[in-house]
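Here is the structure we will look at, set down as structure tokens.
Each chain gets a letter, A, B and so on, in the order the sequences are listed, and its residues count up from 1.
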Amino acid sequence: MTDAASPNPVHDGTSNPSPGPNHFIRQIIIDDLARGRLAQIHTRFPPEPNGYLHIGHAKSICLNFGLAAEFTGLCNLRFDDTNPGKEDIEFVEAIKEDVRWLGYQWSELRHASDYFESFYRCAEKLIRVGLAYVCDLDADAVRNYRGTLTEAGRNSPFRERTVEENLDLFARMRAGEFADGARTLRAHIDMASGNINLRDPAIYRIRKVTHQHTGSDWCIYPMYDFAHCLSDAIEGISHSLCTLEFEDHRPLYDWYLDKIDLVNDPQLVAPVLQKGLTAPLSRPRQIEFSRLNLDYVLLSKRKLLALVNDRLVDGWNDPRMPTLCGIRRRGYPAAAVRELARRIGVTKQESVIEYSVLENLVREDLDASAERRMAVLDPIKLVLTNLAADHHELLVAANHPKDASRGSRQIAFGRELYIEREDFMEVPVKGFHRLVVGGEVRLRFAGIIRCIAVVKHDDGTIAELHATLDLASRHGMPGAERKVKGTLHWVCAAHAIAAEVRLYDRLFTVPDPDDERDGKSYRDHLNPDSVRVVTKAKLEASLGTAVAEQRFQFERLGYFVADRYQHQPNRPVFNRICSLRDSWTAVAKG
RNA sequence: UGGGACGUCGCCAAGUCGGUAAGGCACGGGAUUUUGAUUCCCGCAUUCGAAGGUUCGAGUCCUUCCGUCCCAGCCA
């Protein structure tokens, strides 16, 4: 048997081979499949195109697309675009790009608005069977009639209109005869229900605005609860996965589906077919799981939008943003995000994942995938006094310490080098095993040096360091085996290239920036040092050929990525993805 | 006595028909190391929100209580 390309690719094949720990939703699917309740699963990721996707959405994306891939099912990307005015084509394009970046391919791209004509027919059906009515109450009045959490609501005075009157009024709503907000179509359920979603919820409202996908075809738009379950059914969705806050909506989800009964009334869906779209009709089941939260991260769409609009960050793709385009630009590998989704599991427990879990997954991926290079962020000149002034040679440096297949590169070496300023201390603290006057240290790939002098400026600051290279300790020589307590990274002064390097840190200083119970807001918790721009970094010359989005480990410093938008060969710009794990700084700061 | 959901180690999270607490991350200790990185060992819940009860035996069953989250958009 030969491997044929999957007829319904939902994934690019780069995801993790193991589906990870089992969870209740996967178990439901396994059971459904085993019982023969369905032959194939069909999921969907249904974003509203009113903002950018963030790391929280990644959990849902990975769950929906991942499950479909795992069980050779299907997964659609559906824009839940039932509220024009808040939605924009800019967001739909960005969302598509983010889903692809995460490594997924949708089976079909749909819009809830593709089904507006069908929805309209479904609403008419509800009216005909006496389960929906046109209500003339305005928004304030509806609120008053709704009651409270502990008190039942009251029936609308328009609740018992005749079917004929309702049909006529609804048609006129569609025709644009009434002003925005003047009337709504409501479900006739139970104003005394303990579940407020069942107190005659709105089905359609009047909004005379242009829609990003349907233009000016409509002036009435369906509400989420009505549109979502029907969209699922029309697309043949088997498992409709959503977050916990929709648990209360499930009775309504089921109510609409049961009353409208699309499966046994397929002509309702004729308009979809007429558009050339398939409508495999199913009786989907909604299953809720807890959303992903990360500490020190803000994931509220509204506040993220405010950060952008108020210029607190440099746009949706600022490397400090938790948006998918932000973490992409920051250099996080998509595989690390997928792995996060895989490892955290799927439950109904509200949880907050420590940010370090994500960060360590990024390190785990990059340790294996990123080639090593040397760069000095805060250069101080080091002169090897026992080398000739014109000494120049090329050393060989392995690109990866654990993967010989990644080969090696040549690095320039000469009498004058740059090392990291913080790798030298005139008065060393306890436990410091880097360079000190009279002390020895290894220069990575080069050999062991001994510092013999500190040259200072008039103001007392250090101008340069003098050292001698132990020629017998050079790379490849027997003396290279000699142990010294520290190894430093460096670049050759004559050949290094200048670069801008941006050092990012968390955007917020508190674990829950969204918490305003102490009277403060997320704005009060912005980290003033969330970005530090280093303009005089020195890179080894080989980095001159780096291309945008290429990632490296700068030895001993961390992982860095060439900026997706601003990096240029003649003007390198690198973003720090994350630092290396560091068991020294913590000790040093004691 | 409004409705819905959830409470297993610092953070996640497994725990089939009740049979005597997986794993990951974090953390502590040690080994290796030309990155104080990586890797590798070892350790880390007599206890499952609490209290009763059923049982030879309960995280798993029953009762009560406590705590947390969600819902009163013509948002999704």
Expressed in whole Å, how much space separates the [atom1] atoms belonging to [N] and [M]?
{"N": "B:C41", "M": "B:A26", "atom1": "P", "result": "15 Å"}
{"N": "B:A45", "M": "B:G59", "atom1": "C1'", "result": "12 Å"}
{"N": "B:C61", "M": "B:U68", "atom1": "C1'", "result": "25 Å"}
{"N": "B:C17", "M": "B:A13", "atom1": "C1'", "result": "23 Å"}
{"N": "B:G67", "M": "B:A72", "atom1": "P", "result": "23 Å"}
{"N": "B:C44", "M": "B:G36", "atom1": "P", "result": "31 Å"}
{"N": "B:U8", "M": "B:G4", "atom1": "C1'", "result": "23 Å"}

Tell me what [X] touches on the nucleic acid: a base, only sugar-phosphate, or nothing, going by heavy atoms under 4.0 Å.
{"X": "A:V352", "answer": "sugar-phosphate"}
{"X": "A:L137", "answer": "base"}
{"X": "A:P401", "answer": "base"}
{"X": "A:H475", "answer": "base"}
{"X": "A:E247", "answer": "sugar-phosphate"}
{"X": "A:T347", "answer": "sugar-phosphate"}
{"X": "A:A139", "answer": "base"}

Would you mind reading off the distance between [X] atom [atom1] and [N] atom [atom2], rounded to a whole angstrom?
{"X": "A:R291", "N": "B:C12", "atom1": "CZ", "atom2": "C1'", "answer": "18 Å"}
{"X": "A:I344", "N": "B:A14", "atom1": "CD1", "atom2": "C1'", "answer": "15 Å"}
{"X": "A:W218", "N": "B:C74", "atom1": "CH2", "atom2": "C1'", "answer": "17 Å"}
{"X": "A:F79", "N": "B:C75", "atom1": "CZ", "atom2": "P", "answer": "21 Å"}
{"X": "A:E151", "N": "B:A72", "atom1": "CD", "atom2": "C1'", "answer": "11 Å"}
{"X": "A:W490", "N": "B:U34", "atom1": "CH2", "atom2": "P", "answer": "18 Å"}
{"X": "A:M477", "N": "B:U34", "atom1": "CE", "atom2": "C1'", "answer": "15 Å"}
{"X": "A:M374", "N": "B:U35", "atom1": "CE", "atom2": "P", "answer": "12 Å"}

Would you say the side-chain atoms of [X] and [Y] include a donor-acceptor pair closer than 3.5 Å?
{"X": "A:D200", "Y": "A:Y145", "value": "no"}
{"X": "A:D225", "Y": "A:H249", "value": "yes"}
{"X": "A:Q349", "Y": "A:S351", "value": "no"}
{"X": "A:D31", "Y": "A:Q27", "value": "yes"}
{"X": "A:Y204", "Y": "A:R174", "value": "no"}

Any side-chain heavy-atom pair from A:R78 and A:D232 closer than 4.5 angstrom?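 Side-chain contact under 4.5 Å: yes.
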Side-chain heavy-atom pair A:H489, A:V376 within 4.5 angstrom cut-off: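 The answer is yes; the side chains approach within 4.5 Å.
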Evaluation steps, side chain to side chain contact (heavy atoms under 4.5 Å, CB included), between A:I203 and A:Y256:
CA-CA 10 Å; A:I203 299 174; A:Y256 282 133; 3.4 Å; yes
Protein-nucleotides 67-71 of chain B N/O pairs closer than 3.5 Å?
residue: B:C69; atom: O2'; partner: A:E350; partner atom: OE2; Å: 2.6

Among [options], which nucleotide sits nearest the side chain of [X]?
{"X": "A:R146", "options": "B:A72, B:U35, B:U34", "result": "B:A72"}
{"X": "A:R434", "options": "B:C74, B:A76, B:G36", "result": "B:G36"}
{"X": "A:K348", "options": "B:G73, B:A5, B:U35", "result": "B:A5"}
{"X": "A:Y224", "options": "B:U34, B:A76, B:C74", "result": "B:A76"}
{"X": "A:I353", "options": "B:C74, B:G36, B:C12", "result": "B:C12"}

Short side-chain N/O contact from [X] to OP1 or OP2 of [N], under 4.0 Å:
{"X": "A:S193", "N": "B:G2", "value": "no"}
{"X": "A:R207", "N": "B:C75", "value": "yes"}
{"X": "A:R205", "N": "B:A76", "value": "yes"}
{"X": "A:R556", "N": "B:G36", "value": "yes"}
{"X": "A:Q349", "N": "B:G7", "value": "yes"}
{"X": "A:T148", "N": "B:A72", "value": "no"}
{"X": "A:R250", "N": "B:G4", "value": "no"}
{"X": "A:K301", "N": "B:A76", "value": "no"}

Q) Where is the tightest heavy-atom contact between A:L299 and A:L292, given as atom of each residue plus distance? A)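 Scanning both residues completely, I find the closest heavy atoms to be CD1-O, 3.6 Å.
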- For A:S583 and for A:K86, locate the closest nucleotide of RNA chain B by heavy-atom distance; then report the residue assigned to the nucleotide nearer the 5' terminus.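 The residue mapped nearer the 5' terminus is A:S583.
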### Message
On RNA chain B, does the nearest nucleotide to A:P222 precede the nearest nucleotide to A:F432 from the 5' side, or the other way round? Give the residue.
### Response
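Nearest-nucleotide comparison on RNA chain B picks A:F432.
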TODO: Decide side chain to side chain contact (heavy atoms under 4.5 Å, CB included) for A:I220 and A:Y120; before the verdict, give the C-alpha distance in whole Å, the side-chain angles of both, and the deciding distance to 0.1 Å.
DONE: CA-CA 9 Å; A:I220 56 172; A:Y120 184 80; 4.0 Å; yes
Using the glycosidic torsion, which applies to B:G49: syn (within 90° of 0) or anti (everything else)?
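It is anti.
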Intra- and inter-strand pairing of RNA chain B, written as dot-bracket with Watson-Crick and G-U pairs under 3.5 Å and | for the latter, reads .((((((..(((......[...))).(((((.......))))).....(((((..]....))))))))))).....
Next on the checklist: Is there a side chain to side chain contact (heavy atoms under 4.5 Å, CB included) between A:H213 and A:F79? Walk through the geometry before answering.
Outcome noted: CA-CA 10 Å; A:H213 192 60; A:F79 290 101; over 6 Å; no
Can you tell whether the side chains of [X] and [Y] come within less than 4.0 Å, N to carboxylate O?
{"X": "A:R44", "Y": "A:E235", "result": "no"}
{"X": "A:D367", "Y": "A:R372", "result": "yes"}
{"X": "A:E440", "Y": "A:R482", "result": "yes"}
{"X": "A:R161", "Y": "A:D136", "result": "yes"}

Below 3.5 Å, does any donor atom in the side chain of A:Q553 face an acceptor in the base of B:U35, or the other way round?
->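 It does, because a donor-acceptor pair links the side chain of A:Q553 to the base of B:U35 below 3.5 Å.
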Reading nucleotides 23-31 of chain B from 5' to 3' and marking B where a protein heavy atom lies under 4.0 Å of the base, S where only the sugar-phosphate is that close, and - otherwise, the string is -SSS-----
Counting N and O atoms only, with roles assigned by atom type, does the side chain of A:E420 sit under 3.5 Å from a partner on the main chain of A:D378, one being a donor and the other an acceptor?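 Confirmed, A:E420 side chain pairs with A:D378 backbone.
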